[in-house]
There are 2 protein chains.
Amino acid sequence: MNTSAEQFGGRASLTRRISDDIRRRILAKEWAPGEKIHSESELSTTYKVSRVTVRTALKTLEYQGLVDIRHGSGTYVNDFGRAIPTGLNELRSMSETISELGYEPGMEYKIADIRPATDLEIEKLQLDSPDSVLYLERAVLADGKAVAFSYDTINISSLPSDVVEEMKRGSVFASLDTINSRPIRALAEVDAVIDKNIGWGSQRPEDDLFLLLQQVHYAGDGEPLMYSRTYFMKGRFQFLILRTR
Amino acid sequence: MNTSAEQFGGRASLTRRISDDIRRRILAKEWAPGEKIHSESELSTTYKVSRVTVRTALKTLEYQGLVDIRHGSGTYVNDFGRAIPTGLNELRSMSETISELGYEPGMEYKIADIRPATDLEIEKLQLDSPDSVLYLERAVLADGKAVAFSYDTINISSLPSDVVEEMKRGSVFASLDTINSRPIRALAEVDAVIDKNIGWGSQRPEDDLFLLLQQVHYAGDGEPLMYSRTYFMKGRFQFLILRTR
DNA sequence: ATCCACTAGTTGTAGGACAACTATTGACTA
DNA sequence: TAGTCAATAGTTGTCCTACAACTAGTGGAT
């Protein structure tokens, strides 16, 4: 099946692996939007798992907005096209998202320092006063063009130093993956800002207008891992949110 | 149990009713954040339903970010208390959200007309060309103070005329409730805009800066019900999104 | 042409069983 | 004394089988 979860240990639950695979098949257009996918019994035999597991997997996809499960009728692929998989509901790294949109992701590092935490960072990351943090300022690139400027603070108090060194150059999420502590939840806040001090280079907007995504990422045990402010430039990125009842 | 679903017909599934009730109990602080709630078997006996039903209900709450289910250990209440019910993940009317934040909601009507649909509206609402729509321009009030300006287009092609008349004055969501066709899904897009033509009155911002929430609401059968653009004034509203894997 | 009982197929819920995992306890060891 | 580890009780994950509830289509009766 080769899910992303399997790539770092194969610890994902059976339900998760099934869910990931059906999701992949839907995004690969195995079924057209509006079309009915295989029944739960059929899927359970082909995957060689119980119907309970398939049901749980499908419920996840339903909540993600990918499918619509209709009692007595079947499970249908929703017609939101490629909008959903790039939405804000799913927690993904910027690189992953850009890559899924069909662009070549990139990062341009401006600052990568270890320094004492500020008061704001101590509060957001629930740190002790003397703690040091890894602070990054980067431009997020899609096909070589800047789409956002990111100001990230990473809680390194419980990270090995070689992993921290790696983060100074490569993807933060990928580095966290190697020690199996990728964030599983983030609380994000969106705002519109006009700020002359944000961004750099020739590609920053003249009207100083940005869409700010401010978020704290949490590990599985609830510990805050990263506090990041990402300033998106207007029109270069689409922010989609699926809202459900 | 008195869930919102029961109030208009009681057609909600058993799982849904259980899920709603446990959610209510969590938000009512029956268990403190971080605390372990009753086990699945215990819940299944007290609710007099099968463990399957309880599990499915809890899975929903987990996806909504309310609880954390840990294999072999138990189900724990997450610490995002106030963020969840007012976040963008949950589909609620503006009035409901404002009310949950502790303010007195209100609406100031500027325009409420029935007129032919524009090309954009025909596309967003998947209408036939000659269709008429209900168009509203309103200021959203919290404690009498404007927090946003809303430009809404409602698909009235399959609505009785008395309900449409009601919408011209009261809450759109409430009117849709009376005929059991409240939207269950919305696809929202967020953007930052500077626009001199948005808003009115003394409370509109001088810098013309707004956070735009542009969304299409869908009914249970997938039919588009409403296309709305809401322009929020900076700092008067918090946009929270819970992101999960 | 309309209505309606019937039916095959599908999802929803039930109950019982066992596997996999977690956290705690308490005996054993260095 | 402090640390290690096996045993254990409790909890969630998965499986199996069965039936209830619902949907969409079929085909006959009116």
Side-chain angles (χ1 to χ4, degrees), chain A residues 1 3 5-6 9-22 31 34-63 66-78 180 184 219-223, chain B residues 1 3 5-6 9-22 26 31 34-63 66-78 180 184 219-223 245:
Chain A
M1 251 171 276
T3 65
E6 273 180 337
R11 295 197 173 205
S13 70
L14 195 47
T15 298
R16 178 64 194 262
R17 297 204 302 269
I18 303 292
S19 164
D20 278 357
D21 194 62
I22 299 178
W31 301 280
E35 200 177 348
K36 178 155 73 171
I37 74 172
H38 299 156
S39 75
E40 294 177 355
S41 347
E42 202 171 338
L43 288 170
S44 77
T45 59
T46 58
Y47 279 117
K48 292 189 176 50
V49 298
S50 81
R51 217 191 108 203
V52 175
T53 305
V54 170
R55 273 184 66 73
T56 312
L58 289 178
K59 274 280 176 191
T60 305
L61 298 181
E62 182 183 43
Y63 207 90
L66 244 70
V67 300
D68 200 8
I69 305 177
R70 298 183 203 151
H71 186 186
S73 173
T75 301
Y76 298 79
V77 176
N78 266 334
N180 215 341
I184 64 160
D221 55 9
E223 200 189 356
Chain B
M1 253 172 273
T3 65
E6 272 180 337
R11 297 205 173 196
S13 71
L14 195 46
T15 298
R16 177 64 193 262
R17 297 204 303 269
I18 302 291
S19 165
D20 277 357
D21 194 62
I22 299 178
I26 290 174
W31 300 279
E35 199 177 350
K36 178 154 75 173
I37 74 172
H38 298 157
S39 74
E40 294 176 353
S41 348
E42 202 172 337
L43 289 170
S44 79
T45 59
T46 60
Y47 279 116
K48 291 190 177 50
V49 299
S50 81
R51 217 190 110 203
V52 176
T53 305
V54 170
R55 273 185 67 73
T56 312
L58 289 177
K59 272 281 176 191
T60 305
L61 297 181
E62 183 182 42
Y63 206 90
L66 238 72
V67 299
D68 202 8
I69 305 177
R70 299 184 202 148
H71 186 185
S73 173
T75 301
Y76 299 80
V77 175
N78 265 334
N180 212 341
I184 63 159
D221 56 6
E223 200 190 356
R245 284 219 313 147

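Below, read A as the first sequence line, B as the second, and so on, with proteins coming before strands; counting in each chain starts at 1.
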(request) Determine the interplanar angle of the A:Tyr63 and B:Tyr63 rings, folded into 0 to 90°, and report it as parallel if under 30°, tilted if 30 to 60°, perpendicular if over 60°. (result) tilted
(request) Whole angstrom is fine here: how far is it from CD1 in A:Ile69 over to P in C:dT13? (result) 11 Å
(request) Could you check how far CZ of A:Arg55 sits from P of D:dG13, rounded to whole Å? (result) 16 Å
(message) Using OP1 and OP2 only, check whether a side-chain N or O of B:Thr15 sits under 4.0 Å from C:dG12.
(response) no
(request) Scan A:Thr56 against the nucleic acid and name what it touches under 4.0 Å (heavy atoms): base, sugar-phosphate only, or nothing. (result) nothing
(message) Under 4.0 Å from OP1 or OP2 of C:dT13: is there any side-chain N or O of B:Ser50 that close?
(response) no
(request) Give a yes/no on whether any side-chain N or O of B:Ser73 is located under 4.0 angstrom from OP1 or OP2 of C:dT22. (result) no
(message) Please give me the minimum heavy-atom distance between B:Val54 and B:Val49, naming the atom from each residue.
(response) CG2-CG2, 3.7 Å
(request) Mind checking salt bridge (Lys or Arg N to Asp or Glu O under 4.0 Å) for B:Glu62 and listing every partner two or more places apart, or none if nothing turns up? (result) B:Lys59
(message) In whole Å, I'd like the distance from the CG atom of B:Asp68 to the P atom of D:dT11.
(response) 17 Å
(request) Grab the OH-C1' distance between A:Tyr76 and C:dT10 for me, whole Å please. (result) 9 Å
(request) Would you mind reading off the distance between A:Leu14 atom CG and D:dT12 atom C1', rounded to a whole angstrom? (result) 14 Å
(request) Examine distances only and state if a side-chain atom of B:Lys36 and a backbone atom of B:Ser73 form a donor-acceptor pair shorter than 3.5 Å. (result) yes
(request) Run the salt-bridge test on A:Arg16 and A:Asp20 with the 4.0 Å N-O cut-off and return the result as yes or no. (result) yes
(message) Testing the basics here: between A:Leu58 and A:Val67, what is the closest heavy-atom pair and its distance to 0.1 Å?
(response) O-CG2, 4.0 Å
(message) Nearest to the B:Val49 side chain among C:dT13, D:dT12, C:dA14, which nucleotide is it?
(response) C:dA14
(request) Verify, without hydrogens or angle tests, whether B:Arg70 (side chain) and B:Tyr76 (backbone) share a donor-acceptor contact under 3.5 angstrom. (result) no
(message) Heavy atoms only, 4.0 Å cut-off, all strands: where does B:Arg70 land among base, sugar-phosphate and nothing?
(response) sugar-phosphate
(request) Measure from the side chain of B:His71, starting at C-beta and using heavy atoms only, and say which of D:dA21, D:dT14, C:dC21 lies closest. (result) C:dC21
(message) On the nucleotide D:dC15, are OP1 or OP2 found under 4.0 Å from the side-chain N or O atoms that A:Thr53 carries?
(response) yes
(request) Output the residues of residues 34-43 of chain B in contact with DNA chain D, where contact means a heavy atom of the residue under 4.0 Å from an atom of the strand; sort by number or write none. (result) B:Ser39, B:Glu40
(message) Measure NZ/B:Lys48 against C1'/C:dT13 and give the value in whole Å, please.
(response) 17 Å
(request) Would you kindly check whether a donor in the side chain of B:Arg51 faces an acceptor in the base of D:dG13, or vice versa, at under 3.5 angstrom? (result) yes
